[in-house]
Protein chains: 2
Amino acid sequence: MAKRPTVYDVAARAGVSIATVSFTFSQPHKVRPATREAVEEAARALGYLPSASARGLASGKTGAIGLFSFAYYARERGLQPDSQTPFGDEANEDFRMFPLYHDEVQRGVQVECWRRGYVLMVGDAKGAAGEADLAGIAGRVDGLAVFPNTVPDDVLMRISRRIPVVELSIPINNTGLHGVSVDNEGGMAELTGHLVEVHGLRDIAFVGPKGFPDKEHRFSGYAGAMVAAGLPLRTVDTAPIGHLADFAASTVAEFVAAGKLPQALVCSTDEEALAYMDALAAAGIDVPGQIAVTGFDGLVAGLVNRPSLTTVRQPLVELGRAGASILIDQVAKPGKGAVTRQLPVKLMIRESCGCQAQPGNQVR
Amino acid sequence: MAKRPTVYDVAARAGVSIATVSFTFSQPHKVRPATREAVEEAARALGYLPSASARGLASGKTGAIGLFSFAYYARERGLQPDSQTPFGDEANEDFRMFPLYHDEVQRGVQVECWRRGYVLMVGDAKGAAGEADLAGIAGRVDGLAVFPNTVPDDVLMRISRRIPVVELSIPINNTGLHGVSVDNEGGMAELTGHLVEVHGLRDIAFVGPKGFPDKEHRFSGYAGAMVAAGLPLRTVDTAPIGHLADFAASTVAEFVAAGKLPQALVCSTDEEALAYMDALAAAGIDVPGQIAVTGFDGLVAGLVNRPSLTTVRQPLVELGRAGASILIDQVAKPGKGAVTRQLPVKLMIRESCGCQAQPGNQVR
DNA sequence: GTGAAAGCGCTAACAA
DNA sequence: TTGTTAGCGCTTTCAC
């Protein structure tokens with residue numbers, strides 16, 4: 001590549017000083033038309049591209065918002081960084097899982113950046129949530145959004161002393177970081193209530209992991225609704241990461257062996273619900289005929305599934321937008337305390353709870 | 001925000017020079033362990049985050065790959081940059097259209113960046129493909145990927161004199177830019193052949209716009225197969241942008257009024273095919289009973305649709321990966337000529353052509 | 001193995 | 001309205 005022309009080159013060709021060139025780009029209307037004209041033509045002729053590095057260094061701002069995540073897509077396919085591993089046959093992918101949770105949130109972040117005149121810098125962790133990777137992107141942006149459980153809190157705290165950091169979908173924020181979340185508890189309570197009141201179910205088991213704040217809140221919603229209805233709680237252990245399908249299958253087998261199939265499985269995520277529906281189908285158990293299954297998230301996957309999945313839809317795009325919005329606001333006018341927002345969710349009644357398919361909630 | 005600590009601060013605290021600090025980060029093993037230790041502890045204690053701007057300025061590389069697109073998602077919803085327009089009710093979105101074509105390609109770019117140790121910088125055009133927006137991101141990256149018809153060619157040419165530029169999904173590359181594409185012609189020929197040979201159809205109309213190289217190639221594939229079978233060509237005008245549904249409806253109405261319904265509609269994109277299927281359904285015409293409809297792209301939307309859409313699957317993630325890969329290779333070792341790659345496509349036989357649903361190509 | 005010093009290209013006072 | 005002059009924080013020779 002040819003050496004990139006600089007302000008000096010442009011200034012020389014236009015017969016002005018570098019400051020004027022810089023000024024012409026930032027405050028075009030404050031420059032005499034003839035001067036501006038000359039500068040612009042010089043820039044055009046030279047193929048001048050301002051260096052963002054130099055700009056950022058001089059101005060102290062980068063104009064970029066960062067989003068750090070975990071390379072979910074690649075990792076799920078066993079792809080390694082720096083390896084030559086090819087993807088499998090893309091045409092045979094399980095399309096049901098797209099877009100992923102993270103994709104939708106990322107889209108929201110991207111939209112808000114676009115709207116507010118920022119660019120988005122996306123980085124994915126290479127190692128096991130390595131700090132080094134994060135530093136690589138944290139040093140390039142004016143604000144940073146991260147997915148929960150991707151980076152240790154102390155690392156985030158350190159970074160947040162320099163630039164605003166927002167955690168996406170962390171319910172309660174005791175870390176002092178900015179955060180956006182959704183009404184996990186309310187949504188799950190409403191869903192559980194539907195099972196109890198509309199379908200008259202009593203033996204309802206909750207499926208979900210311990211130790212994740214958002215999942216715990218979903219459990220609270222379930223528990224609250226059950227207790228309010230005078231029903232006993234019942235929980236199913238969650239699968240170890242990466243073994244969802246196997247685990248669901250063996251859990252279903254245990255239910256059958258013990259003759260203790262619940263009337264409903266209230267799962268903490270769509271992904272889990274889908275895995276259980278697969279396992280139940282494989283065991284010849286009809287959903288929703290013999291057991292109802294519900295999810296949480298509202299991924300497209302639940303829509304494609306037969307029966308379609310009754311779930312709670314999170315406003316994922318809005319989640320991303322809200323996160324980016326907080327960041328950009330903070331960049332413009334750094335606040336004192338942590339900003340947090342909770343977004344509402346929406347119950348999506350479909351087939352897997354025992355309701356009839358409805359045009360409005362079926363393919364749309 | 002507190003002032004960010006710099007190499008000087010770290011050097012002072014560690015009792016070394018800034019060069020040593022820099023050296024410690026780039027060549028850790030070439031520094032005496034004690035020194036390295038001291039530098040690392042100072043960096044940690046200070047919460048030091050290297051400035052990418054300064055690094056980029058000094059080294060002449062940014063470590064980022066740019067992807068420039070058109071804010072399709074936001075624009076389709078009527079969202080304006082800098083406006084306060086909120087999104088509509090996200091729960092009521094037409095999920096069928098996700099992920100979009102661009103989402104999948106972007107994922108591929110992101111994956112490859114991750115794999116090769118780059119970060120991804122995403123920018124969307126604010127105005128009508130404004131050069132200013134592009135310059136904003138072109139100046140921040142070591143290589144740039146763009147979607148076709150997003151930016152005027154001469155602008156791209158100018159940028160490509162400084163950094164490698166790859167066009168994603170441009171079939172023939174007469175511009176001298178790097179490019180990746182898929183076998184549009186072959187895929188469409190195969191699909192048309194299926195309609196003719198397996199289903200015995202003869203009156204097959206092609207639906208698609210003029211003036212887009214990839215669509216033209218698809219037309220060539222269709223035309224070649226028809227001519228080879230001794231069948232007459234028939235084309236349907238394409239809809240003006242943003243009026244797909246209306247246009248499809250009125251086209252169908254014309255077919256009906258004239259009593260000239262084709263036996264098949266071979267559409268140049270899935271989106272178009274889906275719009276025609278909606279219009280046909282509204283007109284009470286059975287697909288595939290009375291008319292076959294096919295698409296091109298292989299979006300999830302076609303899978304969710306009933307009947308599921310027979311189409312040609314493009315390896316979109318691979319397309320993105322290939323594009324990013326070319327860029328990163330070029331950054332490492334700038335080549336002389338333009339690098340181009342064509343990826344194979346895959347025929348996805350589903351229901352809308354008249355075939356039976358098959359487990360393997362249905363929900364997966 | 002480590003330090004000194006010279007930029008990288010731009011912005012932001014401040015002068016003129 | 002335009003020019004001068006300092007840096008911004010880091011990498012990179014080149015000495016030591």
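None of these values were measured; they are calculated from a predicted model. Chain identifiers are assigned alphabetically (A, B, ...) following the order of the sequence lines, protein sequences preceding nucleic acid strands; residue numbering begins at 1 within each chain.
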Verdict with reasoning, A:Ser181 to A:Asp214, per side-chain contact (heavy atoms from CB on, under 4.5 Å): CA-CA 8 Å; A:Ser181 65; A:Asp214 50 348; over 6 Å; no
Going 5' to 3' along DNA chain C, between which two nucleotides do contacts with chain A fall, using a heavy-atom cut-off of 4.0 Å? C:dG9 to C:dA12
Which parts of nucleotides 3-11 of chain D does protein reach within less than 4.0 Å, heavy atoms only, written one letter per nucleotide 5' to 3' as B for base, S for sugar-phosphate only and - for none? BB--BBBBB
Pick the nucleotide of DNA chain C nearest each of A:Gly56 and B:Thr35; which residue has the one closer to the 5' end? B:Thr35
Whole-Å distance separating the NZ atom of A:Lys30 from the C1' atom of D:dT1: 10 Å
Are there over 12 heavy-atom neighbours, none belonging to A:Arg341, within less than 6.0 Å of that residue's CZ? no
In the structure I gave you, are the side-chain heavy atoms of B:Leu327 and B:Tyr118 within less than 4.5 Å of one another anywhere? no
Do B:Asp103 and A:Asp103 come within less than 4.5 Å of each other through their side chains, counting heavy atoms only? no
Indicate the ring-plane relationship of B:Tyr48 and B:Phe25, choosing parallel, tilted or perpendicular according to the 30° and 60° boundaries. tilted
Note, B:Leu168 side chain near B:Leu67 side chain (heavy atom, < 4.5 Å): yes
Between B:Ala11 and B:Ile18, what is the shortest heavy-atom contact and its length? CB-N, 3.7 Å
When rounded to the nearest 0.5 angstrom, what distance separates CG in B:Leu49 from CZ in A:Arg158? 8.5 Å
